[in-house]
Amino acid sequence: MMDELRRAFQIDRFANIRTYFITSRGSGSILLSPLFLANAILRLLLLRLLGRVDVVHINLSSFGSTYRKLILTRVARACRLPYVLHLHSGQFDQFWDSRKGMLKREIDLMFLRSQRVIVLGNYWKQVVSERIPQCSGKLVIVPNATRTANFKDLSVMDEGANILFLGRLGPEKGVPQLVKALAALGAKSGWRATLAGDGAVNDTRAAVEQAGLCGRIAVPGWVDSARVERLLRAANILVLPSLSENLPMSVIEALAHGVAVVCTPVGALPDIIEHERTGLIVKRGDVEGLSASLGRLIDDPDLRRRLGENGKALHRTQLDIEVCAERLVATWTASVHAGGR
């Protein structure tokens with residue numbers, strides 16, 4: 001998401017906005033995390049001393065992300081810099097409720113002292129407002145976004161069903177239920193599937209083999225962005241039967257590519273996936289319902305095409321990365337004014 005935004009802010013329409021992207025964690029060993037955090041603090045202090053920063057945008061997830069951001073938000077407050085929290089975690093409600101004592105108070109204070117809190121959908125707006133009612137007036141919904149997809153061969157929608165899962169393989173994403181749902185399709189002809197992602201790769205391959213579906217389902221493991229693009233161009237169904245989510249990028253990428261979506265009504269997904277219009281929604285853990293929905297799409301290319309076209313239209317107007325960037329700029333501007341800078 002941040003890589004998409006970095007590219008978006010380089011186009012001419014945002015020429016008057018200067019953004020600095022600073023990592024507080026890094027992609028390597030967790031042991032190096034304190035070094036990245038120290039570097040982030042030093043860069044923030046330097047930008048403040050040079051007068052080159054007006055507002056700090058802080059991406060927030062659970063556990064280590066929260067603990068690092070508690071430090072960064074204290075630094076921002078000490079520098080009298082307004083900051084915006086951007087909540088990403090799909091399980092932040094559970095994490096927040098499980099914190100106790102001083103840590104819970106510090107998290108609450110971090111939200112209270114923010115100028116704005118960006119959430120990805122109505123469910124997360126409710127999560128924050130129920131726990132910190134004083135934040136209700138500064139909550140802003142800005143859904144995740146991607147670039148509009150490049151050309152896609154529309155004949156893909158009329159070919160045999162090509163089902164794609166993108167995400168971390170394992171129980172939280174509903175992968176065991178998905179394998180069972182695919183097995184329940186029986187001898188239904190004309191479908192194949194790819195379950196791509198890191199996580200429980202070996203367990204998923206074993207489940208596929210046990211179900212006798214090795215000839216139909218590929219489990220390649222983690223794939224890079226170029227491979228993801230190729231998979232999305234070839235797919236005509238994206239399935240994500242998660243037990244919890246915030247607003248998954250795989251669904252937004254599928255909408256951008258005009259791929260029909262099957263998902264569960266978790267997190268902010270009901271804000272963008274309207275049943276029978278921009279996708280099909282099934283209950284969490286409902287293997288029979290998941291299999292039935294996939295079966296409908298396998299048998300009905302017209303339904304796949306209609307859902308894909310509606311999803312692509314939604315993406316164009318609400319989920320394009322430039323639309324997201326405009327909303328962020330408006331939120332930052334309001335935060336600077338509210339902070340008295």
Side-chain angles (χ1 to χ4, degrees), residues 149 152-167 169 173-197 204 207-208 211-219 231-245 247-315 319:
K152 181 184 177 80
D153 185 353
L154 297 181
S155 66
V156 167
M157 300 307 289
D158 297 318
E159 297 174 355
N162 185 0
I163 302 166
L164 177 62
F165 168 94
L166 290 172
L169 299 170
K173 297 286 186 180
V175 174
Q177 290 88 348
L178 175 56
V179 174
K180 291 178 182 177
L182 291 170
L185 292 171
K188 187 181 286 290
S189 63
W191 69 270
R192 56 195 170 98
T194 301
L195 313 184
T204 303
V208 168
L213 294 173
C214 291
R216 294 243 188 170
I217 302 177
V219 186
L231 289 171
L232 284 166
R233 288 189 181 192
N236 46 36
I237 302 170
L238 185 285
V239 58
L240 189 68
S242 300
L243 304 185
S244 65
E245 284 288 356
L247 185 56
M249 293 295 291
S250 61
V251 169
I252 297 173
E253 289 171 331
L255 295 175
H257 284 79
V259 178
V261 171
V262 180
C263 67
T264 46
V266 295
L269 280 169
D271 291 3
I272 63 171
I273 301 300
E274 181 182 345
H275 187 57
E276 300 282 354
R277 183 175 176 277
T278 54
L280 299 180
I281 292 180
V282 298
K283 295 178 181 178
R284 290 187 299 177
D286 183 1
V287 173
E288 184 177 344
L290 181 58
S291 185
S293 292
L294 291 172
R296 284 184 63 194
L297 292 174
I298 290 169
D299 292 337
D300 193 345
D302 289 338
L303 176 59
R304 295 201 300 259
R305 189 184 307 105
R306 176 171 61 82
L307 295 177
E309 289 174 352
N310 290 341
K312 194 159 190 174
L314 173 71
H315 183 277
L319 303 171

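Hydrogens, waters and symmetry mates play no part in the numbers below; they use all other heavy atoms, side chains included.
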Checklist outcome for this item: Nearest heavy-atom approach of L243 to G285 is CD2-N, 4.2 Å

Checklist entry - Considering residues at least two apart in sequence or located in another chain, which fulfil the side-chain hydrogen bond (donor to acceptor under 3.5 Å, both in side chains) criterion with E245? => result K173, S242

Item to check | Flag, side chain of R216 to backbone of W191, donor-acceptor distance under 3.5 Å | outcome: yes

Checklist entry - Under the salt bridge (charged side-chain N to carboxylate O under 4.0 Å, His left out) rule, what pairs show up with a residue in residues 154-165, not counting sequence neighbours? => result D158-R305

Item to check | Heavy-atom closest contact (A161 atom, I237 atom, distance) | outcome: CB-CD1, 4.0 Å

Can you give each donor-acceptor pair under 3.5 Å made by side-chain atoms of residues 251-263, sequence neighbours left out, with the distance rounded to 0.1 Å?
from: H257; atom 1: ND1; to: E253; atom 2: O; distance (Å): 2.8
from: H257; atom 1: NE2; to: E229; atom 2: OE1; distance (Å): 3.2
from: H257; atom 1: NE2; to: E229; atom 2: OE2; distance (Å): 3.1

Next on the checklist: Could you measure the distance from the CD1 atom of I163 to the CG atom of L294? Nearest 0.5 Å is fine.
Outcome noted: 5.0 Å

Checklist outcome for this item: Nearest heavy-atom contact between T278 and I273 is OG1-CA, 3.3 Å

Checklist entry - Taking only residues two or more places apart in sequence, or in another chain, which ones meet D286 in a salt bridge (charged side-chain N to carboxylate O under 4.0 Å, His left out)? => result none

Checklist entry - So with a 6.0 Å cut-off around CZ of R306, is the heavy-atom count from everything else above 12? => result yes

Next on the checklist: Among residues at least two apart in sequence or on other chains, which ones pass salt bridge (charged side-chain N to carboxylate O under 4.0 Å, His left out) with D300?
Outcome noted: none

Checklist entry - Between atom CG of L297 and atom CG of L307, what is the distance when rounded to the nearest 0.5 Å? => result 6.0 Å

Checklist entry - Can you tell me how far the OG atom of S293 sits from the CD atom of E288, to the nearest 0.5 Å? => result 10.5 Å

Next on the checklist: Ignoring hydrogens, what is the shortest heavy-atom contact between V179 and A211? Give both atom names and the distance.
Outcome noted: CG1-CB, 4.4 Å

Checklist entry - Which distance, rounded to the nearest 0.5 Å, do you find between the CG of L182 and the CG of L290? => result 7.0 Å

Next on the checklist: Distance check, rounded to the nearest 0.5 Å: L314 atom CG versus L319 atom CG?
Outcome noted: 5.0 Å

Checklist entry - Are the side chain of N236 and the backbone N or O of N162 linked by a donor-acceptor pair below 3.5 Å? => result yes

Item to check | Nearest heavy atoms of P265 and I281, plus distance in Å | outcome: CD-CG2, 3.6 Å

Checklist entry - Who passes salt bridge (charged side-chain N to carboxylate O under 4.0 Å, His left out) against R296, sequence neighbours left out? => result E276

Checklist entry - Hey, is the main chain of V287 close enough, under 3.5 Å, to the side chain of S291 for a donor-acceptor pair? => result no

Checklist outcome for this item: Tightest non-hydrogen contact, residues L231 and A196, listed as CD1-CB, 4.2 Å

